[in-house]
Amino acid sequence: MVVKVWIYFYCICLWRFLKFILRKLTGRCELQRICYKNKPGAGRTLKIESSLKSSKSKLLQNAPAAHPDAIEKTIEDILTLKKVNLDTNPQLAVSLQACLLQIVGYRNLTVEIEKLRREAFDSEDPQHEEMLLKLWKALKPNVPLEARISKQWCEIGFQGDDPKTDFRGMGLLGLYNLVYFAEKDPTSALQILSDSLQPKSRDANKEEFSKMSKTEWEMKKFDKAIGYSFAIVGINITDLAYNLLISGALKTHLYNVAPEAPTLHHFQQTFCFLMHEFHKFWIEEDPLDIMEFNRVRNKFHKHILKQLQNTDMALCPHFAASESLINL
């Protein structure tokens, strides 16, 4: 244990010594070197964030927790502390401010998302009920809901006759995401809902197969398994997106698509992308039945994590809800 502590402090001292040497050789502080060597996006912002957090200066350590309105003043204080001449480095303040806006924005987004996740669906709240009815109208535009408590909810993938019980894990966040997807990309949402209702062809019994022509049998033979509960899967994918955000894995994507502070809008666009990708992934995996959902979901999670390890990665799908995404 003592040896590990000694090695840790030795590495810190060595790293600070190397930073000191580089500052003397280049005439630039670490923040300057990062900005000049890295293009805008996750590659630059992640390094700036790491540099700020590992600094021995309290000003730099506290910068990621700055209030959005205080970012400009924080940058001025950092440049003063680092003795940077803005006359010879006019772009540095702009670059650092853009990075800090993303860093602070990501932190604030996690707080906002956590608040939505913790807020339970309340059937006594008119706004909650209105949003739930919006979901029904968006996914079943030509089918009136006969009653608030109804088996009809199963038609869009809820487990019982009252959807509020299915929102327990993700709270209002699950409902917000489903409504966003259904309203912003209705064509895709309706198509995925329709696909999800298709039963597995291979579940046909021997008697049914015996009545099929050879051509029909061949077509059925190569059908992919689809059937799953649309709304329940949407809530589950919300959980996946939430974990990507909280773990910090989503920084790569959000720092590449949000030129300034990432917002709830960016998170919901990411959810739409994940719904698209999971649907394709589910079909390609061709599971035996819904009991394999956790296996497929875990594999999909690893697939997305692997993509996000690339700092140039932006989960930019080509569908209606993502038209305003900025791909750097």
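- Using a 4.0 Å cut-off between charged side-chain N and carboxylate O, Glu76 and Lys73 make no salt bridge.
- Residues Cys29 and Val84 share a closest heavy-atom pair of SG-CG2, 4.4 Å.
- The aromatic rings of His265 and Tyr180 sit perpendicular to each other, their planes meeting at more than 60°, with 30° as the lower class boundary.
- In this structure Asp162 satisfies the side chain to side chain donor-acceptor pair (under 3.5 Å) test together with Arg148, sequence neighbours excluded.
- The salt bridge (Lys or Arg N to Asp or Glu O under 4.0 Å) contacts involving residues 247-270 comprise Glu49-Lys251, where partners must be two or more places apart or lie in separate chains.
- One N or O on the side chain of Gln102 and one on the backbone of Ala258 form a donor-acceptor pair closer than 3.5 Å.
- A heavy-atom distance below 4.5 Å is found between the side chains of Trp153 and Trp136.
- The heavy-atom pair separating His279 from Asp195 by the smallest distance is NE2-OD2, 3.0 Å.
- Using a 4.5 Å heavy-atom cutoff, the side chains of Met275 and Phe230 are in contact.
- Taking the side chain as every heavy atom from C-beta outward, His128 and Glu119 approach each other to under 4.5 Å.
- The aromatic rings of Phe181 and Phe271 sit perpendicular, their planes meeting at an angle over 60°, well past the 30° parallel limit.
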Name each donor-acceptor pair under 3.5 Å that joins a side chain in residues 238-249 to protein atoms two or more places apart or in another chain, with its distance.
from	atom 1	to	atom 2	distance (Å)
Thr238	OG1	Asn177	ND2	3.1
Thr238	OG1	Gly234	O	2.9
Asp239	OD1	Asn243	ND2	3.4
Asp239	OD2	Asn243	ND2	3.3
Asp239	OD2	Arg297	NH2	2.8
Tyr242	OH	Glu114	OE1	2.4
Tyr242	OH	Arg117	NE	3.2
Asn243	ND2	Asp239	O	2.9
Ser247	OG	Asn243	O	2.9
Ser247	OG	Leu244	O	3.1
Ser247	OG	Ala249	N	3.3

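- Here Arg295 pairs with Glu285 in a salt bridge; the nearest charged N to carboxylate O distance falls below 4.0 Å.
- Only one option out of Gln269, His276, Gln191 pairs with Asp185 in a side-chain hydrogen bond (donor to acceptor under 3.5 Å, both in side chains); it is His276.
- For the pair Gln159 and Cys154, the tightest heavy-atom approach, listed with the atom from each and the gap, is O-SG, 4.0 Å.
- To the nearest 0.5 Å, atom CD of residue Glu277 and atom SG of residue Cys272 are 12.0 Å apart.
- Between Asn236 and Phe293, some side-chain heavy-atom pair lies under the 4.5 Å cut-off.
- With no hydrogens or angles considered, no side-chain donor-acceptor pair links Asp77 and Thr74 at under 3.5 Å.
- At distances below 3.5 Å, not a single donor-acceptor pair connects side-chain atoms of Thr252 with backbone N or O atoms of Gln309.
- The side chain to side chain donor-acceptor pair (under 3.5 Å) search around Thr263 returns His266, not counting sequence neighbours.
- With contacts defined as side-chain heavy-atom distances shorter than 4.5 Å, the pair Tyr228/Ile192 qualifies.
- Side chain of His253 to backbone of Leu315: a donor-acceptor contact under 3.5 angstrom is found.
- Of all heavy-atom pairs between Asp125 and Gln127, the closest is OD1-N, 2.9 Å.
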Donor-acceptor pairs under 3.5 angstrom involving side-chain atoms of residues 138-147: please list them, not counting sequence neighbours.
none

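- Considering only residues two or more places apart in sequence or on other chains, Lys151 meets the side chain to side chain donor-acceptor pair (under 3.5 Å) condition with none of them.
- Looking at Ile232, Leu178, Leu132, Ile156 one by one, the single match for side-chain contact (heavy atoms from CB on, under 4.5 Å) with Pro163 turns out to be Leu132.
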Does the pair Tyr176 and Phe167 meet the rule for a ring-ring contact (aromatic ring centres under 6.0 Å, His included), with working shown?
CA-CA 11 Å; Tyr176 269 53; Phe167 291 119; over 10 Å; no
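- Taking 4.5 Å as the limit, every side-chain heavy atom of Leu101 sits out of range of all side-chain heavy atoms of Pro68.
- Summarising the geometry of Leu172 relative to Ala120, their closest heavy-atom pair is CG-O, 4.5 Å, with the distance given to 0.1 Å.
- Considering only heavy atoms from C-beta on, Leu254 stays 4.5 Å or farther from Phe267 through its side chain.
- There is no side-chain donor-acceptor pair under 3.5 Å between Gln61 and Ser55.
- Counting only heavy atoms from C-beta outward, the side chains of Ser51 and Leu60 never approach each other to under 4.5 Å.
- Among all heavy-atom pairs drawn from Ala93 and Ile75, the shortest one is O-CG2, 4.0 Å.
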